[in-house]
Number of protein chains: 2
Amino acid sequence: MSRYGHYGGLPAPSSLMERPYAPMPPETLTPARILETTEDVLRRYGPAKATVVDVARALGVSHGSVYRHFGSKAALREAVTQRWLDQSHTALSAFADAEGPAEPRLREWLAGLFAAKRHKAGDDPELFATYMVLVGENSAVVDRHIETMIEQLARIVEGGVRDGEFIAVDPAPTARAIWDATNRFHDPAYAAEWFRPGIDAAFEAVCDLVLRGLRRA
Amino acid sequence: MSRYGHYGGLPAPSSLMERPYAPMPPETLTPARILETTEDVLRRYGPAKATVVDVARALGVSHGSVYRHFGSKAALREAVTQRWLDQSHTALSAFADAEGPAEPRLREWLAGLFAAKRHKAGDDPELFATYMVLVGENSAVVDRHIETMIEQLARIVEGGVRDGEFIAVDPAPTARAIWDATNRFHDPAYAAEWFRPGIDAAFEAVCDLVLRGLRRA
DNA sequence: GGACTGACAGATATTGAAATCTGTCAGTCC
DNA sequence: GGACTGACAGATTTCAATATCTGTCAGTCC
């Protein structure tokens with residue numbers, strides 16, 4: 001039943017400090033392992049049914065042990081949300097920090113974000129729905145994530161302004177305006193629309209409008 | 001208890017056809033009167049509790065009589081939604097059909113839409129929440145409403161292109177792009193953000209970006 | 001005869017008792 | 001002595017019985 005449970009007759013590890021950077025044996029309870037198992041439980045049971053007791057059971061420990069690492073169920077779910085959002089950052093920062101002209105970089109960043117979100121939503125709709133719930137529960141984490149995304153945008157805009165490719169705008173508020181204007185193509189609440197015919201044309205149209213507003217004539 | 005109920009000893013009207021365009025006496029059951037009462041019941045009990053029986057009770061008739069005019073509860077709610085959305089059209093079409101340069105008209109149309117929505121949300125949050133639920137139930141009605149709004153936008157854009165004020169764009173898809181880009185400022189799902197500090201600056205920034213993308217350099 | 005009623009079947013919502021879960025902590029076990 | 005357990009109180013969820021609602025229609029009443 002459990003993917004990690006019943007570590008049955010195995011002896012508990014005695015000295016873990018011999019090789020400080022070696023991977024922890026699966027018998028050691030760490031935040032990372034709890035997080036992984038929580039994702040697993042969430043995936044299986046869904047956000048409504050997944051309980052701390054389920055996570056503990058899957059790990060083969062008592063739920064009291066889980067509370068030793070995460071102060072509350074909310075904190076545990078928040079950490080899972082954080083983890084998931086962090087993945088999104090990394091992939092896109094490549095575009096933000098690349099060399100070359102700003103316009104295609106901005107286009108690719110926006111298209112990359114849209115494509116990534118759409119894949120997440122399409123490849124495993126159930127898991128996506130689960131994360132939609134978590135995201136709804138953790139607006140503070142999400143707000144921070146959004147700020148990071150807008151900072152990436154601002155870096156691209158700043159580059160474009162510096163190179164004279166874009167008109168002289170204030171990068172930070174402009175980045176926010178770009179984020180807001182493309183809202184429909186990254187807010188998961190609109191995921192259902194991302195699979196309608198004509199969505200790519202609509203995305204292109206908004207991108208064109210935004211980029212025309214930025215380009216030095 | 002009921003605002004309309006107990007029309008007690010009054011005799012039923014005998015001949016209604018004498019003056020065809022006279023206002024119906026309140027004792028006559030008409031779709032319009034049912035709609036009004038339904039709005040009232042919705043306002044009082046909220047979308048979850050308001051029932052067809054409640055509406056009938058408020059009208060002082062049996063619920064069977066309500067079903068004579070509206071085939072189902074869903075149809076009744078849909079009609080209420082339609083009615084509400086129709087009000088939004090009318091106010092803004094003034095901007096869409098006005099004379100003068102397109103840029104300020106477009107700006108005022110967008111600002112007018114945002115202001116109207118924000119007032120609806122702020123003046124009576126409970127009623128707004130009620131209509132949010134109705135709107136969620138009636139996506140077909142909402143989709144039609146959105147098409148009408150985009151048509152109004154397209155008329156402004158077309159005027160701007162004709163007068164050489166805007167660059168030569170295809171009005172219909174451009175209007176849709178403008179609608180999409182300003183999404184955050186008209187989709188009621190974001191109502192909570194409309195009262196955060198800085199929202200007006202964010203709105204202006206998106207408007208500026210969009211209008212710069214339209215203006216002939 | 002056409003507007004309206006009210007009883008009805010099936011669907012949906014409410015309720016309260018029982019089960020489960022969250023979060024704590026004194027105590028156990030290396 | 002620090003990681004872990006398991007019993008516990010209070011909060012939350014589940015489940016099944018009960019009540020209410022939706023939609024229909026034969027029948028009533030001007």
Side-chain angles (χ1 to χ4, degrees), chain A residues 4-17 24-34 37-38 41-42 44-80 133-134 137, chain B residues 1-2 4-17 24-34 37-38 41-42 44-80 133-134 137:
Chain A
Y4 298 103
H6 57 72
Y7 59 124
L10 288 173
S14 50
S15 174
L16 291 167
M17 288 297 99
M24 294 273 189
E27 287 74 22
T28 306
L29 195 57
T30 62
R33 215 156 75 77
I34 294 173
T37 306
T38 305
V41 168
L42 240 13
R44 275 194 234 191
Y45 301 163
K49 291 281 177 62
T51 71
V52 177
V53 172
D54 289 331
V55 174
R57 202 179 359 248
L59 284 161
V61 299
S62 80
H63 72 283
S65 297
V66 174
Y67 278 100
R68 168 163 296 283
H69 296 275
F70 293 92
S72 67
K73 185 189 186 183
L76 181 54
R77 283 176 165 238
E78 191 178 296
V80 171
V133 173
L134 291 205
E137 283 170 3
Chain B
M1 208 236 148
S2 135
Y4 298 105
H6 58 71
Y7 58 125
L10 288 174
S14 50
S15 175
L16 291 169
M17 289 296 100
M24 295 275 189
E27 287 75 20
T28 305
L29 195 58
T30 61
R33 214 156 77 76
I34 294 173
T37 306
T38 305
V41 168
L42 240 13
R44 275 196 234 189
Y45 301 161
K49 291 283 178 61
T51 71
V52 177
V53 172
D54 290 330
V55 174
R57 204 183 353 254
L59 284 161
V61 299
S62 80
H63 73 283
S65 298
V66 174
Y67 277 100
R68 168 163 297 283
H69 296 277
F70 294 92
S72 69
K73 185 189 187 182
L76 180 55
R77 284 176 164 237
E78 190 178 296
V80 170
V133 173
L134 291 207
E137 284 170 3

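Worth knowing before you read on, the calculation uses all heavy atoms, side chains too, and leaves out hydrogens, waters and symmetry mates. Naming convention: chains lettered A, B, ... in sequence-line order (proteins, then strands); numbering from 1 in each chain.
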Sugar-phosphate, base or nothing in reach of B:Ser62, heavy atoms under 4.0 Å: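 Base contact.
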Sugar-phosphate, base or nothing in reach of B:Val52, heavy atoms under 4.0 Å: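 Sugar-phosphate contact only.
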Take atom [atom1] of [X] and atom [atom2] of [N], then tell me their distance rounded to the nearest Å.
| X | N | atom1 | atom2 | answer |
| --- | --- | --- | --- | --- |
| A:Arg57 | C:dT20 | CZ | P | 10 Å |
| A:His69 | D:dG2 | NE2 | P | 14 Å |
| A:Tyr67 | C:dA26 | OH | P | 18 Å |
| B:Arg33 | C:dA3 | CZ | P | 15 Å |
| A:Asp54 | C:dC21 | CG | P | 6 Å |
| A:Phe70 | C:dT24 | CZ | P | 15 Å |

Matching residue for B:Val66 among B:Thr38, B:Thr37, B:Val52, B:Val53 - test: side-chain contact (heavy atoms from CB on, under 4.5 Å): B:Val52
Side chain of [X] only, heavy atoms from C-beta on: which candidate in [options] is closest?
| X | options | result |
| --- | --- | --- |
| A:Val53 | C:dT24, D:dT22, C:dC21 | C:dC21 |
| A:Leu29 | D:dC21, C:dT22, D:dC4 | D:dC4 |
| A:Lys73 | D:dC21, C:dT22, D:dT5 | C:dT22 |

Inter-residue atom distance A:Arg68.CZ - A:Ile34.CD1, 0.5 Å rounding: 10.5 Å
B:Glu137 CD to B:Glu78 CD distance, which is reported to the nearest 0.5 Å: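 B:Glu137 CD to B:Glu78 CD: 10.0 Å, rounded to 0.5 Å.
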Under-4.0 Å side-chain N/O to phosphate OP1/OP2 contact, A:Ser72 with C:dT22: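 Checking A:Ser72 against C:dT22: no side-chain N or O falls below 4.0 Å of OP1 or OP2.
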B:Ser65 vs C:dC4: side-chain N/O to OP1/OP2 distance below 4.0 Å: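 So the side-chain polar atoms of B:Ser65 never come under 4.0 Å of the phosphate oxygens OP1 or OP2 of C:dC4.
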A:Leu59/A:Arg33 under side chain to side chain contact (heavy atoms under 4.5 Å, CB included): CA gap, chis, key distance, verdict: CA-CA 9 Å; A:Leu59 284 161; A:Arg33 215 156 75 77; 3.8 Å; yes
B:Arg68 or A:Arg68, whichever maps to the more 5' nucleotide of DNA chain C: B:Arg68
Main-chain N/O of A:Pro47 paired to A:Arg77 side chain as donor or acceptor, under 3.5 Å: yes
For A:Phe70 against A:Ala79, the heavy-atom pair lying closest together: CE2-CB, 3.8 Å
Nearest atoms (heavy-atom pairs only) where B:Ala75 meets B:Gly71: CB-N, 4.4 Å
Base-paired stems in DNA chain D, each at least three Watson-Crick or G-U pairs under 3.5 Å: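 DNA chain D forms these stems: C:1-30 with D:1-30.
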Distance-only donor-acceptor test (3.5 Å): side chain B:His63, base D:dG23: yes
